[in-house]
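Worksheet for the structure shown next.
Because the structure is predicted, anything quoted here is derived from the model rather than measured. Throughout, a chain's letter reflects where its sequence line sits, starting with A, and its residues are numbered from 1.
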There are 2 protein chains.
Amino acid sequence: MANDVTLDDVARRSGVSPATASRALNGRRGVRDDVRERVLSTASSLKYRPNRAAQNLAGGRTSVIGLVLGSEELVGNTYATSIVQSVAAAASVHDEGLMLILDSQKPAIAVQNLLSDGLVDGVIISVVAIGEQWVEELLDANIPTVLLGAHPRRTDVPVVDVDNLTAGHLLTAEVLRHGHRRVAMLAGPQSRVDANQRLRGFRAAHEELGLAVDESLIFPGDFHGQTAYQRAPEIFAAAPDAIVACNDDMAIGLLRYANEHGIDVPTDVSIVGFDGITLRYPEYQITTMAQPFERLGRTAVASLLDLIRGDSVPPEQLLGPQLIERGSIGSPPET
Amino acid sequence: MANDVTLDDVARRSGVSPATASRALNGRRGVRDDVRERVLSTASSLKYRPNRAAQNLAGGRTSVIGLVLGSEELVGNTYATSIVQSVAAAASVHDEGLMLILDSQKPAIAVQNLLSDGLVDGVIISVVAIGEQWVEELLDANIPTVLLGAHPRRTDVPVVDVDNLTAGHLLTAEVLRHGHRRVAMLAGPQSRVDANQRLRGFRAAHEELGLAVDESLIFPGDFHGQTAYQRAPEIFAAAPDAIVACNDDMAIGLLRYANEHGIDVPTDVSIVGFDGITLRYPEYQITTMAQPFERLGRTAVASLLDLIRGDSVPPEQLLGPQLIERGSIGSPPET
DNA sequence: TTGTAGGCGTTATCAA
DNA sequence: TTGATAACGCCTACAA
């Protein structure tokens, strides 16, 4: 209903053919300047908006991109939510629609349904979706794709991510700079590239200062705060001066345990994390390496649009993280 | 690229005309049974999927619905996130695409862009978006719309919501049932229908027992936990036995203040909320009237599809809330 | 530089 | 019950 002004209307009113009007509207070359202007002005005065379905059908683009997330990943996941928000904002800037693909119930079908039918021109796949069967299939579909977070195996798909190696390095260096020497690491899932990179950064920061990493202080984790909480006794028992948790959720899990057991942060132990998750509760503030969400979204969308346009995009774009001081790093205990 | 099997292919392979194939595929009547079966089977063997753009252009539907949220409403807002998730799930069940519309930067343009162009068949507008200028304009656009949460003024748009009146009533009754008599209410924004209904329920529960509501125990709030925290001193100073907060965020804000000031919940005071927000931290557990998110999403999507189909939908569908006991209601103090 | 004409894949109208 | 045929609105060779 909304809009019944068609290209033909604009053309007629401008005294040109639809073809010329189309060219003018789409910024194609080969249109006299005054004609182009005329078309443009009547178009806007008529409030002309191209019918996207027609554009799409005629072989053009959909002007819609998809954002793929795991199905149960949204509620309570600040990282995932921030990604959605930033991608949505970026898409809007480019005047692109955003299809949210949380599916998963219907493995292969979802892929077909939403992509094969020409509903979107391309997709951004978030790292939180990686691993789901249908997402893996999606990666093989012949559709422009950008990964927001690295895939453990696929290196053939362009990736946009925060520079996790540097993040791990800088954050650990910051901890070491405070004089801590007995630094524990609560690692992330082995299967996650970001987790591994952060761990590598952790090691690199030690090496840089000629310090040895105490392997017994590296604890396995899974990015979940709950698990971190459960493993906390073991970790605190190792009596580290500081703990680098591989994400904020886990850091907060540790913090909670500490709070409950009279362990003061940062007096007794320092705790830091990754992501830049903000909890509004003062007892859960931790110093962290924040994800540059806005830039991540912008870069991912811009790259995907390049890809769709047929331009080439760098295989890997790593954005700088930002240290956010929230006072959870203290001085090492007196020796 | 994905799919190049067209209706013509299916038709040819089935030995019928495209028209018949179309009818068969769409379950139109007037096709011999054996023909229909033949078409259907070749379609599936060819993995035929209709081109949505073509369907749309031909006057059919988009098979995409929009979900409108405020721009900054997603991160850290469990309610909004839950809505997204449940609507996405419901849309997926109906094989509908879901466009996420978080826009707002471009007031009127967003409306045009995403709706006038025929990108979606209809929209679900969440209550969290109500009030934004462009959303108000959107309500006047001639496009099927369902409100997920009531609008303060528009009663011409079908609403799906939890039954806030009953929720407020039942929750307050539960508090009163425990014997509390000095019950405070931390209200929500005046502009929000849900907040007002919960307050009405609060009063109704008192009336039901012949109890007078102490108006000095009704405090203004804005749904934000931070604000609740700031107002907490004043509220606790009034020495209520119990506090009914108009949503969980505010309840948690109160709880935080209580925790910090040696006020034990529920021994010293009971606190309850609405929404069913789950925090994983045990010190922030509150008894609450939960939103039936899944059913809300399902109902909203189903109603919107009815609307799109031209069927009529009830002007107001209120779903039952559910009491979730989390132990934040205690006994009233001995008198 | 501009216009004409055909086609994108589907649905709907109207005959047969 | 079926099958031509004409839209739907736009883009893009190809011609002028």
Pairwise 5' ranking along DNA chain D for D8(A) and V16(B), keeping only the more 5' one: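 Upstream on the strand: V16(B).
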[atom1]/[X] to [atom2]/[Y] distance, rounded to the nearest 0.5 angstrom?
| X | Y | atom1 | atom2 | result |
| --- | --- | --- | --- | --- |
| T42(A) | R13(A) | OG1 | CZ | 7.0 Å |
| L25(B) | R49(B) | CG | CZ | 10.0 Å |
| H151(B) | L139(B) | NE2 | CG | 5.5 Å |
| T155(B) | L147(B) | OG1 | CG | 10.5 Å |
| D163(B) | L318(B) | CG | CG | 5.0 Å |
| L296(A) | I83(A) | CG | CD1 | 5.5 Å |

[X] [atom1] to [N] [atom2], straight-line distance once rounded to whole Å:
| X | N | atom1 | atom2 | answer |
| --- | --- | --- | --- | --- |
| N26(B) | dT10(C) | CG | C1' | 9 Å |
| L25(A) | dG9(D) | CG | C1' | 13 Å |
| D9(A) | dC10(D) | CG | P | 9 Å |
| R36(A) | dT2(C) | CZ | C1' | 13 Å |
| R32(A) | dT2(C) | CZ | P | 4 Å |
| R29(B) | dA12(C) | CZ | P | 14 Å |

Exercise: do T20(B) and S17(B) side chains pair donor with acceptor under 3.5 Å: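 Indeed, the side chains of T20(B) and S17(B) share at least one donor-acceptor pair under 3.5 Å.
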Distance-only donor-acceptor check, side chains S63(A) and Q55(A), under 3.5 Å: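 No, because no side-chain N or O of S63(A) sits under 3.5 Å from a partner of the opposite role on Q55(A).
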OP1 or OP2 of [N] under 4.0 Å from side-chain N/O of [X]:
| X | N | result |
| --- | --- | --- |
| S22(B) | dT10(C) | no |
| Q55(A) | dC10(D) | no |
| N56(B) | dT10(C) | no |
| R52(B) | dT10(C) | no |
| R28(B) | dA12(C) | yes |
| T20(B) | dT2(D) | no |

Between the protein and nucleotides 6-8 of chain C, which nitrogen or oxygen pairs are less than 3.5 angstrom apart?
from   : atom 1 : to     : atom 2 : distance (Å)
dC8(C) : O2     : L57(A) : O      : 3.2
dC8(C) : O2     : A58(A) : N      : 3.3

More than 12 heavy atoms from other groups under 6.0 Å of CZ on R154(B): yes
Candidates dG3(D), dT10(C), dC10(D) - which lies nearest the side chain of P50(A): dC10(D)
Pairwise side-chain contact, V84(A) with T81(B), heavy-atom cut-off 4.5 Å (strictly under):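 The answer is no, as the side chains (C-beta and beyond) never meet within the 4.5 Å cut-off.
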pair D161(A)-L148(A): side-chain heavy atoms closer than 4.5 Å: no
Divergence of helical axes at both termini of the helix from dT1(C)-dA16(D) to dA16(C)-dT1(D) - five pairs an end, 10° steps: 40°
Sugar-phosphate only, base, or nothing, as touched by L7(A) at under 4.0 Å among non-hydrogen atoms: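 Here L7(A) touches the backbone only, sparing every base.
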Kindly give the atom pairs (protein nitrogen or oxygen, nucleotide nitrogen or oxygen) under 3.5 Å for nucleotides 13-16 of chain C.
none

Step-by-step salt bridge (charged side-chain N to carboxylate O under 4.0 Å, His left out) determination, R61(A) to E96(A): CA-CA 10 Å; R61(A) 308 188 28 270; E96(A) 292 277 310; 3.0 Å; yes
